[in-house]
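Here's the structure, in structure tokens; my notes come after.
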Amino acid sequence: MPIHNHNIAGMLNELADRLEMDGANAFRIRSYRNAAHSIHEMSRDISGMVANKEDISQLPDVGKNMAEKIKVIVQTGQLDLLNELREKIPVDTKTLLQLTQLGPKRLKLLYDELGITTLKELQEAAQNDQIADLKGFGKKTQQKILEEIHKYLQQKDTVKRFKWAIAEQIITPFLEYIKSHKDVLQAEIAGSYRRRKETVGDIDILIICNNAKSVMEHFVSYEEVKEILSHGSTKSSVILVSGIQVDLRAISKESYGSALHYFTGSKEHNVAVRKIAVSKNLKINEYGIYKNDERLAGEDEAGIYQQIGLQYIEPELRENRGEIEAAQKNSLPKLVTINDIKGDLQSHTTASDGKYTLEEMAEAARKRGYEYFAITDHSKRVTMAHGLDDKRVLEQIEAINKVNETYSDITILKSMEVDILKDGSLDLSNEVLKQLDIVVFAIHYYRNLSRDDQTNRVLKAMQNPYVHIMAHPTGRLIGKRDSYEIDMEKIIHAAKDNGCFLEINAAPERLDLSDIYAKMAKDVGVKLAISTDAHSEDNLNYMRFGVAQARRAWLEPKDVLNTYSWTDLKQMIKRI
DNA sequence: GCCGTTTTCGGCCCGACTGTTTTCAGTCG
């Protein structure tokens, strides 16, 4: 069983939790959490680095001691210290720490005083009124714990985070409603939503307004509010019927920038920014940036960054993945925008599983102002989608030639999303593939091969000189289906070596590649296509989700295939 | 336990909120 980065991060976080329960030094505990985060955000595979005898103590927040422990985890899947602590304090931290109200300190107390180790024991103790009398607890806390357990048991099997596009659908009308109040001067969404994370937990909205009390009243009265969690004069929280939590905060004009920065996060980014402030004898909080008691800035975000000598950092980059260092050196990427996109390189028509005809899709792309548009129907292996065989592909080439005769302002590219078969061969003959303008290749079947077999399958496909862009490279569906086992680092390097490209599939349930792997591809020197995989005219709008993902991956226009003109692109994809 | 134009010791991000207390600990973001 390979140990993945998130497994390592999980064990280090658990170790931190248990060390905290054991009363260890707070900074030692933080070290484990920092290392866990560092590894979680890494695109390179730690197991692979260990196997290659690379020095992992060079990684941020990983020192000699930590490196040793990580090595042991990779090699054995275990860690003595963690096992010892699990034995010493046999509390189900993984479950119990998910309950709000409970942190490591309280869990320890519950264990020491009442011997509680599981959710069930906790529930029984609370029901028997044993918790209220413990030091630092009380009736209210006991009651809240019971409610939390109830909530946890109810939600256990449901997804707690919302896909960005879903959150957008829910929050857009709510934001409009908030703005419709006459005293609201400005309203903006902060948090992970603003950073365009692929999933969103809850939503933070900041406002500048004249009469906060009245606006808060307006906010909690929204028709979709299911539950009011808090309703104060400057902050209120509600849960909507969809289950998403929304917080509204009234901010003064002079602090708006600091508050926006603070609530946009990420936490890790904020911590790093504050550290820099401290090193310059400044202090940053959500009200402003201060030198002693003198306030230097706060009205807008740019002012905050400027005061500590940083370039303005776009929200999508604020994950403490190197953006701060880049800002210090004035070398932040000039991120790609939707306006840079000149075409779409994956789409389907009624020939396979699309909802619209070739002519309709072509016209929709032309109306968007694209310079080129690839029709990439499925190949025959995808029987469910009525995939095309060699003969039908040749017919479609003819059909596209005809469509192109009617247009002077857009080129419809002859293409296919050809299936990679189980053995790495392709589902169409080379004689047909070589007649296409550009070829997208993808896995749809045999998702459960071993990591090696799956990787080799793709490597073999890449050696075929007639393929160009690997579609949805990991095959994941967010919140629904994990990636198949595949060594993406190897795939990225193979793409580089073979002159292939990878896709950022812009469909909101895919967003595949992820930001981390897409950045890795950029760093290795592999360009990416941002493609909608549209099965309808409307799906062409997915492009903006893909662009957001690309921005989180630090991509600039030059890193994205479909920012180039077709004339240039044609040269770039040439392999033989 | 990590880190270093304060570099091998001594610091490590910051504030709000809650419920419990009567000045604070724990949790959360």
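In the text below, chain A, chain B and the rest are named by the order of the sequence lines, each starting its count at 1. These numbers come from a predicted model, not from an experiment. Just so you know, these numbers use all the heavy atoms, side chains as well, and skip hydrogens, waters and symmetry mates.
Using bins of under 30°, 30° to 60° and over 60° for the plane-to-plane angle, the ring pair A:Tyr193/A:Trp164 lands in the parallel bin.
Applying the 4.0 Å criterion to OP1 and OP2 of B:dG15, one finds that A:Lys283 has a side-chain N or O inside that range. The shortest distance between the side-chain N/O atoms of A:Lys135 and the OP1/OP2 oxygens of B:dG26 is not below 4.0 Å. Side-chain nitrogen and oxygen atoms of A:Tyr262 include none within less than 4.0 Å of the OP1 or OP2 phosphate oxygen of B:dC28. In this structure, A:Asn65 reaches the B:dC2 phosphate: one of its side-chain N or O atoms is under 4.0 Å from OP1 or OP2.
Listed for the A:Ser331 side chain is no donor-acceptor partner under 3.5 Å among the backbone atoms of A:Ala327.
Counting any heavy atom pair closer than 4.0 Å across all strands shown, A:Val273 reaches no nucleic acid atom. Residue contacts shown for A:Ile29 are absent, as no nucleic acid heavy atom lies under 4.0 Å away. Heavy atoms of A:Lys267 sit under 4.0 angstrom from at least one base atom. A:Ile276 comes within 4.0 angstrom of no nucleic acid atom, judged by non-hydrogen atoms across all strands.
Taking atom CZ of A:Arg249 as the reference point, atom C1' of B:dC28 lies 11 Å away to the nearest angstrom. For A:Gln58 and B:dC3, the CD to P distance is 9 Å, given to the nearest whole Å. If you measure from atom CG of A:Asn25 to atom P of B:dC2, you get 12 Å, rounded to the nearest angstrom. Distance CZ (A:Arg194) to C1' (B:dG29): 17 Å, rounded to an integer number of Å. The separation between A:Tyr290 atom OH and B:dG15 atom C1' is 12 Å, rounded to whole Å. Remark: P of B:dC12 and NZ of A:Lys275 are 10 Å apart, rounded to the nearest angstrom. Between A:Met66 atom CE and B:dG1 atom C1' there is a gap of 6 Å when expressed in whole angstrom units. At whole-Å resolution of the value, CG in A:Asp17 and C1' in B:dT27 are 13 Å apart.
Residue A:Arg28 has its side chain nearest to B:dG1 when only B:dC14, B:dG1, B:dT27 are considered. Nearest nucleotide to the side chain of A:Ser31, out of B:dT27, B:dG1, B:dC14: B:dG1. For A:Asn285, whose side chain is taken as the heavy atoms from C-beta onward, the closest listed nucleotide among B:dC12, B:dC14, B:dG19 is B:dC14. Residue A:Lys144 places its side chain closer to B:dG19 than to any other of B:dG19, B:dT27, B:dA16. Side chain of A:Lys69, nearest nucleotide from B:dC12, B:dG1, B:dA16: B:dG1. Side-chain proximity of A:Lys105 to the nucleotides B:dG15, B:dC14, B:dG26 is greatest for B:dG26.
Comparing B:dT27 with B:dT21, their P atoms sit 15 Å apart, to the nearest whole Å. Nucleotides B:dT23 and B:dC28, compared at atom P, are 26 Å apart to the nearest Å. Rounded to whole Å, the P atom of B:dT8 lies 16 Å from the corresponding atom of B:dC3. Across the P atoms, B:dT6 and B:dC2 are found 23 Å apart, a figure rounded to whole Å.
A salt bridge links A:Asp559 and A:Lys522; the closest N-O separation between the charged side-chain nitrogens and carboxylate oxygens is under 4.0 Å. Remark: A:Glu14 engages A:Arg86 in a salt bridge, criterion side-chain N to carboxylate O under 4.0 Å.
Identified under the ring pair (Phe, Tyr, Trp, His ring centres under 6.0 Å) test for residues 277-303 of chain A, with sequence neighbours left out: none.
In this structure, the side chains of A:Lys163 and A:Glu509 come closer than 4.5 Å at one or more pairs of heavy atoms.
When each of A:Ser279 and A:Asp202 is assigned the nucleotide of DNA chain B bearing its nearest heavy atom, the one mapping closer to the 5' terminus is A:Ser279. Mapping A:Asp61 and A:Asp204 onto DNA chain B by nearest heavy atom places A:Asp61 at the nucleotide closer to the 5' end.
B:dT8: no Watson-Crick or G-U partner with both key distances under 3.5 Å is found in any strand.
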Should A:Tyr177 and A:His218 be marked as a ring-ring contact (aromatic ring centres under 6.0 Å, His included) after you check the CA-CA gap, both sets of side-chain angles, and the distance that decides it? CA-CA 9 Å; A:Tyr177 168 86; A:His218 178 67; 3.9 Å; yes
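Across A:Glu314, A:Glu268, A:Glu319, A:Glu316, a single residue satisfies salt bridge (charged side-chain N to carboxylate O under 4.0 Å, His left out) together with A:Arg195, and that is A:Glu319.
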So which protein N/O to nucleotides 9-11 of chain B N/O distances come out below 3.5 Å?
none

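Expressed to the nearest 0.5 Å, how far OH of A:Tyr262 lies from CG of A:Asp204 amounts to 10.0 Å.
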